[in-house]
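Working notes for the structure below.
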Amino acid sequence: MYEAFYRLAEKPFSIQPDPDFLFMSRRHDMAYAMLEYSLANKAGFSVISGEIGCGKTTLIRKLLDNLGDEVLTGLVSNTHADIADLLEWVMLAFGQPYQGLSKVALYDAFQQFLVAQYGAGRRVLLIVDEAQNLNPGALESLRMLSNINADKDQLLQIILVGQPQLRDLLRRPELRQLAQRVAAHFFIPPLEESEVARYIEHRLAVAGRSEALFTPEAVTRIAQLSRGIPRSINILCDTVLVYGYSAEREPIDAELIEEVVCDQDEFGLFTRD
């Protein structure tokens with residue numbers, strides 16, 4: 001809609017997780033390095049947590065894009081508290097048959113699957129997104145799966161991704177054994193104000209625009225309103241560009257930001273502080 005007016009090849013502030021647009025802040029860069037290190041060292045469990053919209057899923061997508069064919073990946077994303085045992089979902093994630101099998105048969109089938117992949121020279125990586133929704137029983141079932149080894153080699157590596165509540169969940173006494181197997185845990189905080197400016201510049205550049213579009217005052221206001229959460233930055237900036245296109249405004253200034261926030265106040269996403 002506004003792309004041609006602002007000389008953009010595509011929308012720069014989509015909320016869909018796209019590794020091409022991933023802005024590697026200092027904390028994102030460190031989190032990614034920790035994930036790479038954990039995978040290279042065949043860690044049993046790694047944990048990435050952060051607020052909603054901080055870029056966890058996009059970071060994982062970048063990791064998956066960079067993995068070689070020797071790593072077979074399964075993703076469990078539709079987590080909820082009523083899941084007592086994740087094994088059926090894990091089998092589904094790897095395209096393995098699971099219907100009509102007893103718990104013992106499921107476990108045996110998954111064990112044989114892991115052994116077969118190991119024999120073929122492949123590593124198996126399971127990613128569980130929104131892991132904070134799981135109950136302790138489901139997480140304990142993951143720990144039991146991590147017990148499947150071949151001599152000294154770990155046959156299954158697991159990455160848990162979730163909101164800050166995941167940290168509290170893993171600190172519960174009944175999950176102490178699982179927590180002791182977490183080789184790397186990294187928390188991704190919101191962006192700092194200086195990072196918000198570079199975040200906006202990065203996404204505009206990826207979308208094809210090299211010159212600045214937002215005034216420094218507008219960027220400062222966006223940082224305040226979004227509280228440094230990338231998804232909130234995207235939603236606000238995308239809306240502002242629609243307003244700017246309609247009014248043929250360039251550059252985008254703080255006055256236009258305030259106009260958008262005033263109109264959007266009733267929805268409660270952004271409030272003027």
Side-chain angles (χ1 to χ4, degrees), residues 1-32 48-63 65 129 161 163-164 187-273:
M1 179 179 181
Y2 53 68
E3 291 94 320
F5 180 76
Y6 287 118
R7 300 178 295 286
L8 296 161
E10 57 183 313
K11 289 181 62 176
F13 299 107
S14 170
I15 62 173
Q16 298 301 317
D18 185 343
D20 290 339
F21 279 91
L22 178 62
F23 172 71
M24 297 295 281
S25 72
R26 182 178 64 87
R27 300 290 289 185
H28 284 84
D29 195 52
M30 292 175 66
Y32 189 79
I48 295 294
S49 60
E51 297 290 348
I52 298 173
C54 73
K56 302 183 298 295
T57 300
T58 310
L59 193 71
I60 293 297
R61 292 285 179 87
K62 176 180 174 65
L63 179 71
D65 285 350
D129 203 2
V161 184
Q163 296 170 30
F187 178 79
I188 303 176
L191 300 177
E192 299 175 0
E193 184 173 316
S194 60
E195 291 178 319
V196 172
R198 290 190 288 118
Y199 175 87
I200 292 173
E201 290 173 0
H202 168 76
R203 294 193 71 104
L204 287 171
V206 174
R209 182 180 174 112
S210 57
E211 64 268 37
L213 178 55
F214 295 80
T215 67
E217 295 77 16
V219 171
T220 296
R221 198 66 184 110
I222 291 168
Q224 294 169 346
L225 292 163
S226 67
R227 293 175 170 82
I229 301 295
R231 185 180 300 168
S232 297
I233 296 171
N234 289 355
I235 293 172
L236 178 55
C237 286
D238 187 62
T239 304
V240 166
L241 290 181
V242 174
Y243 273 62
Y245 164 74
S246 178
E248 297 186 349
R249 297 270 288 273
E250 185 180 349
I252 302 296
D253 56 23
E255 181 182 353
L256 184 58
I257 303 294
E258 294 300 332
E259 181 182 336
V260 170
V261 174
C262 181
D263 287 351
Q264 300 294 318
D265 262 349
E266 61 182 293
F267 299 107
L269 183 58
F270 300 104
T271 55
R272 285 167 293 175
D273 295 332

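The shown structure was predicted, so the numbers you read here are calculated from the model rather than taken from an experiment.
- Not counting sequence neighbours, Glu195 has no partner by the side-chain hydrogen bond (donor to acceptor under 3.5 Å, both in side chains) test.
- With sequence neighbours left out, Pro216 forms a side-chain contact (heavy atoms from CB on, under 4.5 Å) with no residue at all.
- Distance alone, capped at 3.5 Å, is enough to place a donor-acceptor pair between the Thr239 side chain and the Ile235 backbone.
- Proximity of Phe13 to Val240: side-chain heavy atoms (C-beta onward) are nowhere separated by under 4.5 Å.
- Here Ile200 contributes atom CD1 and Leu236 contributes atom CG; the two are 8.5 Å apart, rounded to the nearest 0.5 Å.
- Not one N or O on the side chain of Arg198 forms a donor-acceptor pair closer than 3.5 Å with the backbone of Ser25.
- Screening residues 245-254 for salt bridge (charged side-chain N to carboxylate O under 4.0 Å, His left out) gives Arg7-Glu250, Arg209-Glu250, Arg249-Asp253 as the qualifying pairs, with residues at least two apart or on separate chains.
- The environment of OH in Tyr245 is sparse: at most 12 heavy-atom neighbours from other residues, nucleotides or ligands sit within 6.0 Å.
- Applying the side-chain hydrogen bond (donor to acceptor under 3.5 Å, both in side chains) rule to Tyr32 yields the partners Asn66; only residues at least two apart in sequence or on another chain are considered.
- Residues forming a side-chain contact (heavy atoms from CB on, under 4.5 Å) with Pro251 (at least two apart in sequence, or on another chain): Thr215.
- A side-chain donor-acceptor contact under 3.5 Å links Arg203 to the backbone of Pro12.
- When atom types are taken as modelled, the side chain of Glu3 and the backbone of Met1 share a donor-acceptor pair closer than 3.5 angstrom.
- Side-chain atoms of Arg231 do not come within 3.5 Å of backbone N or O of Ile15 as any donor-acceptor pair.
- The two residues Asp18 and Thr58 make their nearest non-hydrogen contact at O-CG2, 3.5 Å.
- Taking the side-chain contact (heavy atoms from CB on, under 4.5 Å) definition, one finds that Val206 meets it with Phe21, His202, sequence neighbours left out.
- Among all heavy-atom pairs drawn from Ile252 and Gly244, the shortest one is CD1-CA, 4.2 Å.
- Counting heavy-atom neighbours within 6.0 Å of Gln163 CD, excluding the residue itself, gives a total above 12.
- By the 4.5 Å heavy-atom criterion applied to side chains, Leu59 and Val161 are not counted as neighbours.
- The line from CD1 of Ile188 to CZ of Arg27 is 8.5 Å long, rounded to the nearest 0.5 Å.
- Residues Arg61 and Pro19 form a side-chain contact, since some pair of their non-hydrogen atoms from C-beta on lies under 4.5 Å apart.
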What side-chain donor-acceptor pairs closer than 3.5 Å can you find for residues 48-56, not counting sequence neighbours?
| from | atom 1 | to | atom 2 | distance (Å) |
| --- | --- | --- | --- | --- |
| Ser49 | OG | His185 | NE2 | 3.1 |
| Lys56 | NZ | Gly50 | O | 3.2 |
| Lys56 | NZ | Glu51 | O | 3.0 |

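- The OG1 atom of Thr220 sits 11.0 Å away from the CG atom of Leu225 when rounded to the nearest 0.5 Å.
- In Glu10, the CD atom is crowded: over 12 heavy atoms of neighbouring residues, nucleotides or ligands sit closer than 6.0 Å.
- With sequence neighbours left out, Tyr199 forms a ring-ring contact (aromatic ring centres under 6.0 Å, His included) with Phe23.
- Every salt bridge (charged side-chain N to carboxylate O under 4.0 Å, His left out) that Lys11 has, sequence neighbours left out, goes to Asp238.
- Residues that satisfy the side-chain hydrogen bond (donor to acceptor under 3.5 Å, both in side chains) test with Tyr243, not counting sequence neighbours, are Asp263.
- Among Pro190, Ser232, Cys237, the single residue meeting the side-chain contact (heavy atoms from CB on, under 4.5 Å) criterion with Ser226 is Ser232.
- Annotation: side-chain contact (heavy atoms from CB on, under 4.5 Å) contacts of Met30 (sequence neighbours excluded): Arg26, Phe186.
- Annotation: side chain of Leu8 is in contact with side chain of Tyr2 (closest heavy-atom distance under 4.5 Å).
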